[in-house]
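Here's the structure we're looking at; comments come further down.
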Amino acid sequence: MSAPAFKVCMLGDFGVGKTSLVARFVRSTFAPKYLTTVGVKVDSKEMLSPQGAPIKFVVWDIAGRSALDALGANYLRGASALLLVADGTREHSLSVALNLLMQSRTALPDAVVALAVNKLDLVERWEVAPTTLAEIRRSLPVFETSALSGDGVEAAFAELATRLLP
Amino acid sequence: MNAEPMLPQTVEMYLRAYFFERTRPLLLSFGPDWTLRDVQGDASLFGIDVDAPDGGLSELKDLFLGVPVDGDHDLSFVELSGGRSAHIHLVADTDGFHLLLLDAEDARGRQRTQQQLGNEAVLAGHEKSKAISRLREIRSELERQRATLEEANALKNALIATLSHEFRTPLTSIFGYLHLLDRRGGDGAHAVQALNAIRRNATYLFTLAENLLEYGRGESGALLCAVAIDLRALAHDIEEMIRPLAEDKGLQFSVSVDVVDAAPALFDEVRVRQIAINLLSNAVRYTARGEIGAMLAWQGGRLRIEIRDTGIGISPEFQASVFKPFNRGGQSGSKGAGLGLSIVRRLIEQMHGTMTLESQPGSGTRFVIDLPPLEPVAAVADSRGGAALWVHDRDVLVVDDDPDIAQLLEALLLDLGFRVRIAADAAGAIAEARRLPPDVLLIDVEMPGLSGNAAVYQLRSQGYQGRIVTLSATSTAEAREASLRAGADHYLTKPLNVEQFVSVMQRAAQPQ
């Protein structure tokens, strides 16, 4: 029997590292040069949940934008989970991610959600305060991630797996 | 006007050729269960091999995961696994559905170039505004440092000018009287007078030297050394030192001691002595006639020191400024380096005590000092050979990838009374701190893998409330600020200054 598949959409402002997080999660690679995503790129990966159950993620790396227009909303159709992505060195990107969550709630009221605050390797330059994340953590699972080193990436998807599987 | 214009056949044919050339459509027809029934167009252009077992069809299926195939649906600019971009339309049919793939590679290329430029401009703008803000901070920090340096330079000049005079005067006197003693031999009256003068000036030099040493320690001062002091012995010593100076000027001098509490008085004896001698030296210096009195009382768990004189007094307008270094309170022609009262105030603050000043010009001055006892001490020797404050019932998690450093820190912390746990990397530290939060986390910043600052940040964002001390080989203000911003309470640099380390860890161990 094949692993149950779930569509996960990566949502966040441009340049926060959505494509890099997918590359790290799916292929264990990292490219330092920033190349903007146009439209969407879909990848998939099977893994075991922390409880040991197989799961397949179909990961939609959606072009970064500050608002979900009709085109972007189309990409969300059928999604079971959202991985919001913010860049710790740009505080504004955190508001963008939370804004995108609110906008997507109409189309996906029941989607499982987690927040990845990326670029942990640049923590010395972070604008997002730890107390801010401590506050957000009360309502959302939050992961400090680094697509460069891989820290927190598997953990974020493992959290989604735990919440998606019965 | 008709929304769908009737076009001449030649134009329609042209449009069809134009559309096909630009979009190179691929039509894949499926049954309702995703069974491929028909292919029209060049599948290989989109990286699809319809003859292969999977051939990329599962990727297309993944695109419509969770989407019913009995209704039309379209996705723009989908990057396929071969890297090519396509607009993909799902067109529902009576018995199945079609997937229409239209090549969007050129359009994506154009959009990407435009989007990349726009995004990079915004990101660069953000970096630029951060850099400008940082430059502003650096400029204001430099201005602040320049002001501090100018003030320090002025103080240094005042110090040098004062000392060159202040040291010369008593030394001249000492040498002069030694010369007299040497020349006149055992003449009793002259010898007593000369010895008194030598004692007076040597005492002054001693006080001056002690004050300079204390001043050089800066605002933080040295560690306090709590011992049970014998107030009567201390009073006797002070009397022995000051009485000859007072009597030499014809002043009455008295010292009284009142020990009411049976519990030992735990204080830093050197500091208490320094306070009393400074105030009494000033009293002798600024009193021409009348009397000087000192009283030491240990009662109600407090040490009270009272010094009074009938000297020239301090005008109300100078009563605040006398506590500043190199300031003599406007007493014209007065002697002294102007350090004594500033050091007295600093010592009292260090010991968490209070001081009141009552004075009337021409009538005299009265200082009353109230000091709480220090905490009991243990056997950790500090640099003065005394004992530092002992830490009780506190555990610390030490995180350092270098086992030698970790062991050194462990030994120092065990000596201070901490219970010590050790983690070899940041990830292990986070796990251990989450399992059992320590009272204090002592963590190296520069570690392979996850940095100490990243671990500090993560722990703070997860709600860790304990104290955090970071240890780094980088001593720049920027590195220190980054560490504190990540959530550290204290930032120490390597090589380790043991005295500073002990002081910081003791402070970190204080209940919050």
Side-chain angles (χ1 to χ4, degrees), chain A residues 5-7 13-15 19 34-44 56-61 63-65 71-72 74-80 87-90 92-93 117 120-138 142-144 146 149-152, chain B residues 58-68 73-81 83 85-87 104 107-120 122-123 126-127 130 426-427 445 449-451 453-464 478-479 481-483 485-487:
Chain A
F6 295 93
K7 174 174 172 177
D13 204 0
F14 63 84
T19 304
Y34 169 60
L35 186 63
T36 182
T37 303
V38 175
V40 65
K41 168 97 169 67
V42 181
D43 275 293
S44 64
K56 177 181 175 182
F57 283 115
V58 177
V59 187
W60 284 53
D61 173 20
R65 60 190 67 227
L71 195 70
N74 223 13
Y75 292 137
L76 299 183
R77 210 167 161 200
S80 306
D87 172 355
T89 68
R90 281 191 289 150
H92 175 67
S93 69
V117 187
L120 183 61
D121 47 286
L122 300 176
V123 71
E124 282 79 11
R125 290 167 47 192
W126 275 29
E127 293 175 354
V128 179
T131 46
T132 306
L133 293 193
E135 195 59 36
I136 295 174
R137 214 181 282 276
R138 293 169 189 264
V142 178
F143 296 87
E144 292 92 353
S146 166
S149 68
D151 283 306
Chain B
S58 66
E59 183 189 0
L60 293 175
K61 193 175 172 182
D62 281 346
L63 283 176
F64 295 95
L65 183 68
V67 177
H73 190 60
D74 66 275
L75 298 169
S76 304
F77 290 113
V78 178
E79 186 180 324
L80 299 167
S81 55
S85 184
H87 299 311
R108 182 180 67 159
R110 285 192 298 276
Q111 186 160 333
R112 171 171 279 169
T113 305
Q114 207 172 11
Q115 196 170 297
Q116 181 89 16
L117 286 172
N119 290 357
E120 281 179 349
V122 173
L123 293 173
H126 179 72
E127 286 301 315
K130 273 169 87 169
V445 172
L450 199 64
S451 75
N453 282 341
V456 167
Y457 186 98
Q458 286 188 284
L459 283 169
R460 285 293 189 224
S461 86
Q462 288 165 14
Y464 173 66
E478 204 168 13
E481 194 187 321
S483 201
R485 211 171 44 238

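Reckoned from all heavy atoms, side chains included, excluding hydrogens, waters and symmetry mates. So that the names make sense, note that chain A is the first sequence line, chain B the second, and so on, each numbered from 1. These numbers come from a predicted model, not from an experiment.
B:R485 approaches A:P130 most closely through the heavy-atom pair O-CD, 3.9 Å. The two residues A:Y75 and B:F77 come nearest to each other via the heavy atoms OH-O, 4.2 Å. Of all heavy-atom pairs spanning B:L123 and A:Y34, the tightest one is CD1-CE2, 4.0 Å.
By number of non-hydrogen pairs under 4.5 angstrom with chain A, the leading residue of B:E120, B:E481, B:K130, B:R460 is B:K130. Listed options A:V142, A:V128, A:T132 were ranked by heavy-atom pairs under 4.5 angstrom with chain B; first place goes to A:V128. Between chain A and the residues B:A486, B:S461, B:A482, the most heavy-atom pairs under 4.5 angstrom are made by B:S461. Chain B forms the most heavy-atom pairs under 4.5 Å with one residue out of A:E127, A:K56, A:K7, and that residue is A:E127. Here B:L65 is the residue among B:V78, B:L65, B:L450, B:L75 with the most heavy-atom pairs under 4.5 Å with chain A. Counting heavy-atom pairs under 4.5 Å between each of A:V123, A:V117, A:T36 and chain B puts A:T36 at the top. The most heavy-atom pairs under 4.5 Å with chain B, out of A:E135, A:E124, A:R125, come from A:E124. Chain B forms the most heavy-atom pairs under 4.5 Å with one residue out of A:V42, A:L120, A:L122, and that residue is A:L120.
For A:R77, the parts lying near chain B are the backbone and the side chain together; criterion is any non-hydrogen pair under 4.5 Å. Contacts between A:L35 and chain B at a heavy-atom distance below 4.5 Å involve backbone atoms as well as side-chain atoms. Using a 4.5 Å cut-off between heavy atoms, A:A129 touches chain B through its backbone atoms (N, CA, C, O) alone. Residue A:F6 touches chain B through its backbone alone, counting heavy-atom pairs closer than 4.5 Å. Using a 4.5 Å cut-off between heavy atoms, A:V40 touches chain B through backbone and side chain atoms alike. Interface residue A:S44: only side-chain heavy atoms are found under 4.5 Å from chain B. Neither the backbone nor the side chain of B:Q114 comes within less than 4.5 Å of any heavy atom in chain A.
Put simply, CD on B:Q462 and CD on A:E144 are 6.0 Å apart, with the number rounded to the nearest 0.5 Å. B:S81 OG to A:K41 NZ: the interatomic distance, rounded to the nearest 0.5 Å, is 7.0 Å.
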| task | Could you check A:D61 against B:E79 for side-chain contact (heavy atoms from CB on, under 4.5 Å), going step by step and ending with a plain yes or no? | result | CA-CA 10 Å; A:D61 173 20; B:E79 186 180 324; over 6 Å; no

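When atom types are taken as modelled, the side chain of B:Q115 and the backbone of A:T37 share a donor-acceptor pair closer than 3.5 angstrom.
Judged by distance alone, the side chains of B:H126 and A:R90 never bring a donor and an acceptor atom under 3.5 Å apart.
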